[in-house]
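See below for the structure under consideration.
The chains referred to below are lettered A, B, ... by the order of the sequence lines, with proteins before strands, and numbering in each begins at 1.
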There are 2 protein chains.
Amino acid sequence: MAIGRSTQSTSQTPEPGAARRPSRARGIPEATVARLPLYLRALTALSERSVPTVSSEELATAAGVNSAKLRKDFSYLGSYGTRGVGYDVEYLVYQISRELGLTQDWPVVIVGIGNLGHALANYGGFASRGFRVAALLDADPTVVGNSAAGLPVRHMDELEAIVESQHVSIGVITTPPGAAQQVCDRLVEAGVTSILNFAPTVLTVPDGVDVRKVDLSIELQILAFHEQRKAGEESGQGDSMLDRAPGPVRAAAAKLRRAAGAKAEPVKGKPAKGTEGDLSAVMPA
Amino acid sequence: MAIGRSTQSTSQTPEPGAARRPSRARGIPEATVARLPLYLRALTALSERSVPTVSSEELATAAGVNSAKLRKDFSYLGSYGTRGVGYDVEYLVYQISRELGLTQDWPVVIVGIGNLGHALANYGGFASRGFRVAALLDADPTVVGNSAAGLPVRHMDELEAIVESQHVSIGVITTPPGAAQQVCDRLVEAGVTSILNFAPTVLTVPDGVDVRKVDLSIELQILAFHEQRKAGEESGQGDSMLDRAPGPVRAAAAKLRRAAGAKAEPVKGKPAKGTEGDLSAVMPA
DNA sequence: TAGATTGTTAATCGATTAACAATC
DNA sequence: TAGATTGTTAATCGATTAACAATC
């Protein structure tokens, strides 16, 4: 591990764990920042319907949060509402946009134009909120030159020149996991200071660089956890007696299993739901 | 809002806001559950390199968290380590897999086979961890019948039959935003109880249904917020004097602006970085 | 003025972290 | 035994929430 580099997993919403990230900027908590885009989206929809004002209760419902939280969040931005009336939709759209930095244009490069990179290049929500695809980049000569979303795919060699000439500060990584760190290093070296990582890789970046990650596999695993819990509750089946045994018994069993050099192998291809994990691979006979 | 339905935004990591979600299952905090997949990924990499044991410090580094947090997380699962030695890699892979429900197979349907649905269907990480694509579905007749990732795209009409016959409990929504709620309703009605939503829509689901969302646009906006802050710090430029003014002054200005019927319009197409938001649209002359 | 709704307070809850006793 | 490392404790920090005074 290089000194002065933080492994900023800097993942989802709060995660104040990420060591050196200044958890609040100008006093706005991370959790609030993460909700501002939700409010903005709901407000934009109201704006399109020409709704002039909205109460915290209505807006909270539209954004999927509770109104106390919303009012608290807005209180960090300032006093933008009117007691007894609510919030001016247009005005709040502007204030939140400004707070999020969306009143300026953010050129973005996407590196790795496989299926996912292609999908992102075509993603409408990209352009709609101040983000502009400055370039699509790939290392594969058979992909370079193709066009995606009306833009040519350019070779990685051009990365530095593009980042510098177009003042790109945000990079999106959609490469295979093996290439992600290397691409990240080049982006950072070229001057990118914010990275959105779709590769299932923990990126190491210098201080001052923000990394957020989007990880399909992790999301599914979290759902599976809750799904399993639901199934267990409803059928009454759950862990084996042994796994529910009190600490000492369990520890002794663990020792046995380790001593046996147990090789764990998740069971695959079994019918779903109501299937117990096959313990035979790790349980002593 | 229908009674008995919760708008479970149930977004990223902690978000204990989500009203009725039982925030811990068998005592495992949500924040810990969300990190288990990270540990599992790091452990799997060690396993592939045939590393027999790992310390909390090493594993924490590989997963991008600190070791105190990792040990605390593992303490919720049980006592699976050996003091003075560390953790048995294979054994821990198995225990975490089991905890996450990955020792069983989870059939998944993907609804909406545009660019993103296509990308997900091809996503390797899908199959690798107990998730199996049971079907790809789309409402568009010109898409139905195409094949993606070796599977035929089937018509939405088949949704209910597929969910029931294959015991699908997890659905992935990659439709346009306008169709998402309707698709969600059908999935839930058919028996799906976990939904991963890629559409930028707040989904309303009955109690007992988990929703997680992945939202590219939100991630980029959060990055933009921090990026703007960095730019402001380094150049000393930031808000206008007025916007930094103390409460009462700001409130008075707000009132003026509202009275003027200000129309906010984010400024687009401007050169990036170092551009101030154009306030002319919302500021009184 | 009376009703409505914000902005803030204070209590509660959950997550993080450092430190260290337990123990391999 | 001595060194290493876990599992747990307790303090701290940040986020959520209900309630209500301020005020439109």
Residues at least two apart in sequence or cross-chain that pass side-chain contact (heavy atoms from CB on, under 4.5 Å) with A/Pro177, listed by chain then number, are A/Pro200, A/Thr201
Check whether any side-chain nitrogen or oxygen of [X] sits under 4.0 Å from OP1 or OP2 of [N], and answer yes or no.
X	N	result
B/Ser56	D/dT6	yes
A/Tyr76	D/dG14	no
B/Tyr87	D/dG7	yes

Whole Å only: how far is the [atom1] atom of [X] from the [atom2] atom of [N]?
X	N	atom1	atom2	answer
B/Glu57	C/dA18	CD	C1'	13 Å
A/Leu59	C/dA4	CG	P	20 Å
A/Tyr80	D/dC24	OH	C1'	19 Å
B/Glu30	D/dA15	CD	P	17 Å
B/Lys69	D/dG14	NZ	P	13 Å
B/Asp73	D/dG7	CG	P	12 Å
A/Ile28	D/dG14	CD1	C1'	15 Å
B/Asp88	D/dT6	CG	C1'	15 Å

State which residue, out of A/Leu77, A/Thr44, A/Asp73, A/Leu38, fulfils the side chain to side chain contact (heavy atoms under 4.5 Å, CB included) condition with A/Ile96.
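Result: among A/Leu77, A/Thr44, A/Asp73, A/Leu38, A/Leu77 is the only option passing the side chain to side chain contact (heavy atoms under 4.5 Å, CB included) with A/Ile96.
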At under 4.0 Å between heavy atoms, which parts of nucleotides 8-13 of chain D does protein reach? Answer with one letter per nucleotide, 5' to 3': B base, S sugar-phosphate only, - none.
BBB---
Please check: side-chain N/O of B/Lys230 versus main-chain N/O of A/Gly208, any donor-acceptor pairing under 3.5 Å?
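Flag set: sc B/Lys230 to bb A/Gly208 pair under 3.5 Å.
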Could you please spell out the steps behind the side-chain contact (heavy atoms from CB on, under 4.5 Å) verdict for A/Arg212 and B/Leu220?
CA-CA 9 Å; A/Arg212 293 189 66 84; B/Leu220 281 177; over 6 Å; no
Would you please say whether a donor-acceptor pair under 3.5 Å links the side chains of A/Gln221 and A/Ser217?
yes
How close do A/Tyr76 and A/Gly27 get, counting heavy atoms only, and between which atoms?
CD2-O, 3.6 Å
Criterion side chain to side chain donor-acceptor pair (under 3.5 Å) on A/Arg98 and A/Thr103, from CA distance to verdict
CA-CA 5 Å; A/Arg98 188 178 56 84; A/Thr103 51; over 6 Å; no
Once rounded to the nearest 0.5 Å, what's the spacing between atom CD of A/Glu58 and atom OG1 of A/Thr53?
7.5 Å
Which dot-bracket notation, 5' to 3', represents the base pairing of DNA chain C when pairs are defined as Watson-Crick or G-U with both distances under 3.5 Å, crossing pairs as [ ], and inter-strand pairs as |?
..||||||||||||||||||||||
Check for me whether the distance between the ring centres of B/Tyr80 and B/Tyr91 falls short of 6.0 Å.
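So the answer is yes for these two rings.
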